[in-house]
Number of protein chains: 2
Amino acid sequence: MLGELRRAITTGRLRPGAPIRQDALAEELQVSRVPLREALKTLEGEGLVTYQAHKGYCVAVLSLDDLREVYRIRQLLEEEAVRAAVARLTDADLARIEAAQHDVEHAAAAGDVLAMATANRTFHMTLFDCAAMPRLARLIRTLWDTTDAYRSMYYGAAGNRERVVEEHRATLDALRRRAADEAVRTLDVHREHAVTELEPLLDA
Amino acid sequence: MLGELRRAITTGRLRPGAPIRQDALAEELQVSRVPLREALKTLEGEGLVTYQAHKGYCVAVLSLDDLREVYRIRQLLEEEAVRAAVARLTDADLARIEAAQHDVEHAAAAGDVLAMATANRTFHMTLFDCAAMPRLARLIRTLWDTTDAYRSMYYGAAGNRERVVEEHRATLDALRRRAADEAVRTLDVHREHAVTELEPLLDA
DNA sequence: GCTCCGTATTTTGGATCCAATATTGAAAAT
DNA sequence: ATTTTCAATATTGGATCCAAAATACGGAGC
């Protein structure tokens with residue numbers, strides 16, 4: 001249920017800024033308002049919705065400043081995660097990341113935006129999870145969630161999909177050689193491209 | 001109500017690892033279980049309590065690995081916050097930080113552990129808030145919360161209180177000269193001392 | 001005496017109901 | 001015509017109640 005609600009927000013079905021009518025949403029999700037309110041509280045903690053006492057919840061809107069701040073924090077945390085991950089990366093780990101990349105390329109070729117978003121996420125999170133720093137991974141995940149509503153727009157453009165594929169290949173190459181600095185650098189440009197593409201989309 | 005519950009955990013009145021009986025706690029807090037459950041959901045998001053479906057909530061316990069991970073992440077995020085804060089630090093900001101330090105010294109001399117903890121927190125958070133990165137400040141705050149249950153033990157020792165005062169003075173000196181690198185360094189040692197003192201306390 | 005199983009009790013999860021607050025709309029006054 | 005006020009409505013916040021799951025307890029079997 002929580003997952004379903006989170007997806008409704010991160011896929012953009014519930015538009016940023018839209019007020020959340022508990023009664024209607026509860027009926028739509030086939031639950032009562034109590035569990036819905038609990039779910040909204042966790043989403044509030046993740047920054048996906050905002051809350052005002054006696055006024056209710058709204059789908060969070062991301063300002064340009066928010067976007068830049070989120071990506072800056074991601075840069076800091078992901079660098080740490082990548083370095084820790086590279087230090088303990090096994091061949092089996094690498095194989096799982098490569099499998100995710102396979103899915104990314106498949107989705108990119110097919111132009112499947114949704115599959116692209118999930119495969120991309122798997123690619124990165126699989127790497128981050130190798131750091132064996134669960135709290136760090138969790139923080140990164142919630143930061144990703146806050147921009148997920150806009151990510152699908154990003155993959156709408158075929159050019160972006162192609163570039164993502166290329167950038168992942170560069171990261172994978174660095175990972176295979178256990179070149180931490182280079183992996184960090186490739187991910188930095190990867191992220192930088194995303195933020196520059198996302199910025200214009202945020203004004204609307 | 002949420003704040004009251006959070007304090008009960010961060011001050012250690014609800015011991016780490018203890019299961020949370022909703023009925024009893026609701027009565028103690030003079031509310032019904034519904035708002036309590038919402039509060040627990042937000043605390044779960046902050047990492048103060050853990051949750052298992054159909055088994056309920058427990059006050060989170062911090063392993064040694066958790067402690068080190070939290071402090072490592074804090075180091076990363078706080079460095080960013082300090083650098084951003086120093087870049088835009090006004091004299092009025094500095095005065096507010098100095099006022100907090102005054103409270104810290106007063107509490108340290110009086111041996112008031114609780115006042116020490118809150119004044120110390122104000123000292124640091126006032127600085128971090130100057131970074132004008134609200135999400136970053138919020139993340140740092142929740143990281144602090146996860147170790148607050150143990151912080152009061154830390155201030156129990158007079159030696160630790162004295163050292164904290166000295167370390168804050170070093171930081172303040174760096175801030176007055178807008179010396180970002182030095183401020184970061186002094187806070188790093190400050191944090192490192194805390195973690196080495198905290199580690200032994202965690203085994204119990 | 002110990003283990004295993006089934007029932008009783010406790011505890012959590014969810015639904016409904018009522019109270020409190022906010023929002024909307026209409027009527028009245030300027 | 002515009003603004004203000006007050007009532008009607010909608011929406012949230014919280015309490016109570018019922019169902020489902022887990023735990024605790026006790027008895028039967030070995």
Side-chain angles (χ1 to χ4, degrees), chain A residues 1-63 134 138 141-142 145-146 149, chain B residues 1-63 134 138 141-142 145-146 149:
Chain A
M1 200 274 289
L2 203 174
E4 196 175 347
L5 178 54
R6 191 186 279 112
R7 267 194 78 249
I9 294 176
T10 56
T11 62
R13 224 199 61 226
L14 267 58
R15 302 286 178 75
I20 290 177
R21 284 294 105 85
Q22 298 179 7
D23 239 325
L25 190 56
E27 187 170 16
E28 186 179 336
L29 294 176
Q30 304 274 19
V31 292
S32 118
R33 276 179 54 215
V34 172
L36 173 62
R37 274 158 61 180
E38 287 183 327
L40 287 168
K41 269 284 178 291
T42 81
L43 293 183
E44 185 196 3
E46 296 174 7
L48 284 185
V49 302
T50 61
Y51 171 72
Q52 277 187 295
H54 297 286
K55 293 184 74 178
Y57 295 88
C58 289
V59 181
V61 291
L62 222 60
S63 70
R138 186 155 175 267
R141 248 176 263 268
T142 68
D145 280 339
T146 60
Chain B
M1 201 273 289
L2 203 175
E4 197 174 346
L5 178 53
R6 190 187 279 112
R7 266 194 79 250
I9 295 176
T10 56
T11 62
R13 224 198 62 226
L14 268 60
R15 303 287 178 75
I20 292 178
R21 285 294 105 84
Q22 297 180 6
D23 239 326
L25 189 57
E27 186 170 17
E28 186 180 335
L29 295 176
Q30 304 273 20
V31 292
S32 119
R33 276 180 54 216
V34 172
L36 173 62
R37 274 158 61 181
E38 287 183 327
L40 287 168
K41 269 285 178 290
T42 82
L43 293 182
E44 185 197 3
E46 296 174 7
L48 284 185
V49 302
T50 61
Y51 171 73
Q52 277 186 295
H54 298 285
K55 293 185 72 177
Y57 296 88
C58 289
V59 182
V61 291
L62 223 60
S63 70
R138 186 154 175 268
R141 247 176 263 268
T142 69
D145 280 338
T146 62

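A note on names: the letters A, B, ... follow the listed sequences, proteins ahead of strands, and every chain is numbered from 1.
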Rounded to the nearest 0.5 Å, what separates atom [atom1] in [X] from atom [atom2] in [Y]?
X: Leu48(B); Y: Leu62(B); atom1: CG; atom2: CG; value: 10.0 Å
X: Ile9(B); Y: Ile20(B); atom1: CD1; atom2: CD1; value: 5.0 Å
X: Leu40(A); Y: Arg33(A); atom1: CG; atom2: CZ; value: 10.5 Å

Listing, residues 53-60 of chain A side-chain donor-acceptor contacts under 3.5 Å, not counting sequence neighbours, or none:
| unit_1 | atom_1 | unit_2 | atom_2 | d |
| --- | --- | --- | --- | --- |
| Tyr57(A) | OH | Lys41(A) | NZ | 2.7 |

Scan [X] against the nucleic acid and name what it touches under 4.0 Å (heavy atoms): base, sugar-phosphate only, or nothing.
X: Ile20(A); answer: sugar-phosphate
X: Arg37(A); answer: base
X: Leu40(A); answer: nothing

Any Arg33(B) side-chain nitrogen or oxygen under 4.0 Å from OP1 or OP2 of dT11(C)
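It does not, given that no N or O in the side chain of Arg33(B) lies less than 4.0 Å from OP1 or OP2 of dT11(C).
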
Under 3.5 Å, sequence neighbours excluded: what are the donor-acceptor pairs made by side chains of residues 1-8 of chain B?
| unit_1 | atom_1 | unit_2 | atom_2 | d |
| --- | --- | --- | --- | --- |
| Arg6(B) | NE | Glu46(B) | OE1 | 3.1 |
| Arg6(B) | NH2 | Glu46(B) | OE1 | 3.4 |
| Arg6(B) | NH2 | Glu46(B) | OE2 | 2.7 |

Between Arg21(B) and Val34(B), which residue's closest nucleotide on DNA chain C lies nearer the 5′ terminus?
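First, find each residue's nearest nucleotide; the 5'-ward one identifies Arg21(B).
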
Specify the residue among Pro35(A) and Gly56(B) whose closest nucleotide of DNA chain C lies further upstream toward the 5′ end.
Gly56(B)

Locate the shortest heavy-atom distance separating Arg37(A) from Val34(B); write the atom from each residue and the value.
NH2-CG1, 3.7 Å

Find the distance Lys55(A):NZ to dA20(C):C1' and express it as a whole number of Å.
16 Å

Below 4.0 Å from chain B heavy atoms, what is the first contacting nucleotide of DNA chain D and what is the last?
dG14(D) to dT23(D)

